[in-house]
Amino acid sequence: MGTAPYAHYSPEDLDRQYNARATVDDLAPILARYAEESRAARETLTCHTGVAYGPHPDETLDIFPATQPGSPVLIFVHGGYWRALTKDESSFMAPAFVDAGATVVAVNYSLAPGASLDEIVRQCRAALAWVVHEIHRYHGDPGQIHIAGSSAGGHLVGMLLASGWQADFGIAPDTVKSATPVSGLFDLEPLIDTHVNAWVHLDAESAARLSPLQHLPEQGCPLIVSYGETETAEFARQSRQYLDAWRHRGFPARYIDMPGTNHFDVILHLADPASPLTLAVFAAMGIGPASAPSAERPS
């Protein structure tokens, strides 16, 4: 076995690499934008809020139906390092995507440390399966499911793409037609020795079980990867490594460069219908502009 790509870091430096909050001077205004723009979406669009996808009180969705039936669906999975945020701060992209012809679903899930990471993954899989079975009631086409997520949500997107669980939830292995993990975490092993493990409680076995890099699918949908310009080297490596692994298996993948962004505000660009990130997702979903201008750089 080769040396781990993060092995050169001291314990203190590795901990800094996974301290995303320290990469911005003031996180509060960005989180306020998440909440304010999501609230505005709920107030200005048709929204079915708190729709249950399971029996637990945390297992709910906010659904923004497209104006026309049979529309593609974007499922968004929020970040927050598995311990913060909810669906209430996670629908800021709904106006742009509904205007472009999609149904949008914001997923809520239980948070660590009250819920294990295994349970959070199970909840997100249950949410995806619920959408496949029920989204026709909200003008969505269950044959056109697309997923996106930021940070911890990017990790959860990777776990939704993994093979081997779909049959237990009554859905097809190729249910997801495109995926957009932004600033995601795909190799959880380095987190074991960081402050993050105070709430996710990983060991070597669970980190392997829950790392998307170790559970790539047998068949891969188009993948769109992006991350903030000011991410730490480890966050950038995680995204690049997952992108490279996807391509190595012969699956289609794009990297979208988002200059001037950080770990937290890069995902807000999904609210802008003209941003390179949004245009790439539109193109994958077959909505909005017929084609997106190239924003890919060699990796």
Side-chain angles (χ1 to χ4, degrees), residues 1-34 77-85 89 109-121 149-159 181-216 225-245 255 257-268 297 299:
M1 295 178 63
T3 302
Y6 54 88
H8 61 287
Y9 291 108
S10 70
E12 296 77 15
D13 285 341
L14 186 65
D15 201 65
R16 280 191 286 270
Q17 285 291 317
Y18 286 99
N19 187 352
R21 186 176 289 248
T23 63
V24 295
D25 292 331
D26 188 0
L27 180 57
I30 302 173
L31 297 183
R33 281 191 61 192
Y34 288 0
V77 186
H78 71 79
Y81 246 150
W82 305 288
R83 68 165 179 170
L85 302 177
E89 301 86 29
Y109 53 85
S110 298
L111 300 176
S116 68
L117 194 47
D118 280 292
E119 174 61 6
I120 292 169
V121 169
S150 175
S151 191
H155 161 265
L156 294 167
V157 164
M159 293 306 292
V182 176
S183 304
L185 292 154
F186 308 99
D187 172 15
L188 301 191
E189 184 180 59
L191 299 183
I192 295 172
D193 295 319
T194 72
H195 67 285
V196 181
N197 213 29
W199 59 86
V200 291
H201 306 309
L202 295 167
D203 56 21
E205 181 183 356
S206 59
R209 183 173 67 249
L210 293 162
S211 288
L213 263 172
Q214 297 196 37
H215 303 282
L216 294 170
V225 169
S226 189
Y227 53 86
E229 181 181 13
T230 62
E231 302 274 8
T232 66
E234 273 294 281
F235 267 98
R237 176 191 68 80
Q238 292 253 357
S239 284
R240 290 196 304 268
Q241 189 172 2
Y242 192 67
L243 179 72
D244 290 346
Y255 169 70
D257 194 17
M258 293 296 290
T261 60
N262 62 51
H263 180 83
F264 299 96
D265 67 9
V266 60
I267 198 64
L268 281 166
R297 72 181 183 197
S299 57

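Side chains are part of it too, since the values below use all heavy atoms of this structure and drop only hydrogens, waters and symmetry mates. For the single chain, residues carry numbers from 1 onward in sequence order.
- Tyr81 and Tyr18 have their aromatic ring centers separated by at least 6.0 angstrom.
- Closest approach of Val200 and Trp82 over heavy atoms only: CG1-CE3, 3.5 Å.
- Expressed to the nearest 0.5 Å, how far OH of Tyr227 lies from CZ of Arg240 amounts to 4.5 Å.
- The closest donor-acceptor contact from the side chain of Glu234 to the backbone of Gln17 lies at 3.5 Å or more, if one exists at all.
- Nearest approach of Asp257 to Tyr255, heavy atoms of both residues: OD1-OH, 3.5 Å.
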Dump the intermediate steps for side-chain hydrogen bond (donor to acceptor under 3.5 Å, both in side chains) on Ser151 and His263, then the final yes or no. CA-CA 8 Å; Ser151 191; His263 180 83; 2.9 Å; yes
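- Remark: Arg33 pairs with Glu37 by the salt bridge (Lys or Arg N to Asp or Glu O under 4.0 Å) rule, at least two apart or across chains.
- Proximity of the aromatic rings of His78 and Tyr34 is defined here by a centroid distance below 6.0 angstrom, and this criterion is not met.
- Sorted by first then second residue, the salt bridge (Lys or Arg N to Asp or Glu O under 4.0 Å) pairs that include residues 149-159, not counting sequence neighbours, number zero.
- Of the possible donor and acceptor atoms, none in the side chain of Asp265 sits under 3.5 Å from a partner among the backbone N and O of Leu268.
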Where do His155 and Leu117 land on the side-chain contact (heavy atoms from CB on, under 4.5 Å) test, with the steps shown first? CA-CA 11 Å; His155 161 265; Leu117 194 47; 4.2 Å; yes
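- Among all heavy-atom pairs drawn from Leu213 and Gln241, the shortest one is CD1-CD, 3.6 Å.
- Contacts of Ser150 classified as side chain to side chain contact (heavy atoms under 4.5 Å, CB included), with partners at least two apart in sequence or in another chain: Phe76, Ile267.
- With sequence neighbours left out, the side chain to side chain contact (heavy atoms under 4.5 Å, CB included) criterion links Asp15 to Thr194, His195.
- The two residues Ala207 and Ile192 make their nearest non-hydrogen contact at CB-CD1, 3.9 Å.
- Taking both residues in full, the closest heavy atoms of Ser239 and Val225 are given as CB-CG1, 3.7 Å, listed atom of the first, atom of the second, then distance.
- Considering only residues two or more places apart in sequence or on other chains, Pro113 meets the side chain to side chain contact (heavy atoms under 4.5 Å, CB included) condition with Trp199, His201.
- Two residues are said to be in side-chain contact when any heavy atoms from C-beta on lie closer than 4.5 Å; Pro11 and Leu14 fail this criterion.
- Taking 4.5 Å as the limit, some side-chain heavy atom of Tyr242 sits within range of a side-chain heavy atom of Leu216.
- Side-chain contact between Thr232 and Arg237 is absent, with no heavy-atom pair separated by less than 4.5 Å.
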Under 3.5 Å donor-acceptor pairs involving side-chain atoms of residues 182-191, not counting sequence neighbours:
unit_1	atom_1	unit_2	atom_2	d
Ser183	OG	Glu231	OE2	2.4
Asp187	OD1	Glu189	N	3.2
Glu189	OE1	Tyr6	OH	2.6

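- A distance of 12.0 Å separates CZ in Arg83 from CD1 in Ile120, rounded to the nearest 0.5 Å.
- When the side-chain hydrogen bond (donor to acceptor under 3.5 Å, both in side chains) test is applied to Arg209, the partners found at least two apart in sequence or on another chain are Asp118.
- Legend: residues meeting salt bridge (Lys or Arg N to Asp or Glu O under 4.0 Å) with Glu229, ordered by chain and number and at least two apart, are absent.
- Under a 3.5 Å cut-off, the side chain of Ser206 and the backbone N or O of Leu202 do not form any donor-acceptor pair.
- The salt bridge (Lys or Arg N to Asp or Glu O under 4.0 Å) test applied to Asp13 returns Arg16, not counting sequence neighbours.
- Legend: residues meeting side chain to side chain contact (heavy atoms under 4.5 Å, CB included) with Ala7, ordered by chain and number and at least two apart, are Thr3, Ala4.
- Under the side-chain hydrogen bond (donor to acceptor under 3.5 Å, both in side chains) criterion, Ser226 pairs with no residue at all, not counting sequence neighbours.
- The heavy-atom pair separating Asn262 from Thr230 by the smallest distance is CB-OG1, 3.1 Å.
- Residue Asp203 places its CG atom among more than 12 non-hydrogen atoms of other residues, nucleotides or ligands, all under 6.0 Å distant.
- In this structure, Tyr9 has no ring-ring contact (aromatic ring centres under 6.0 Å, His included) partners at least two apart in sequence or on a different chain.
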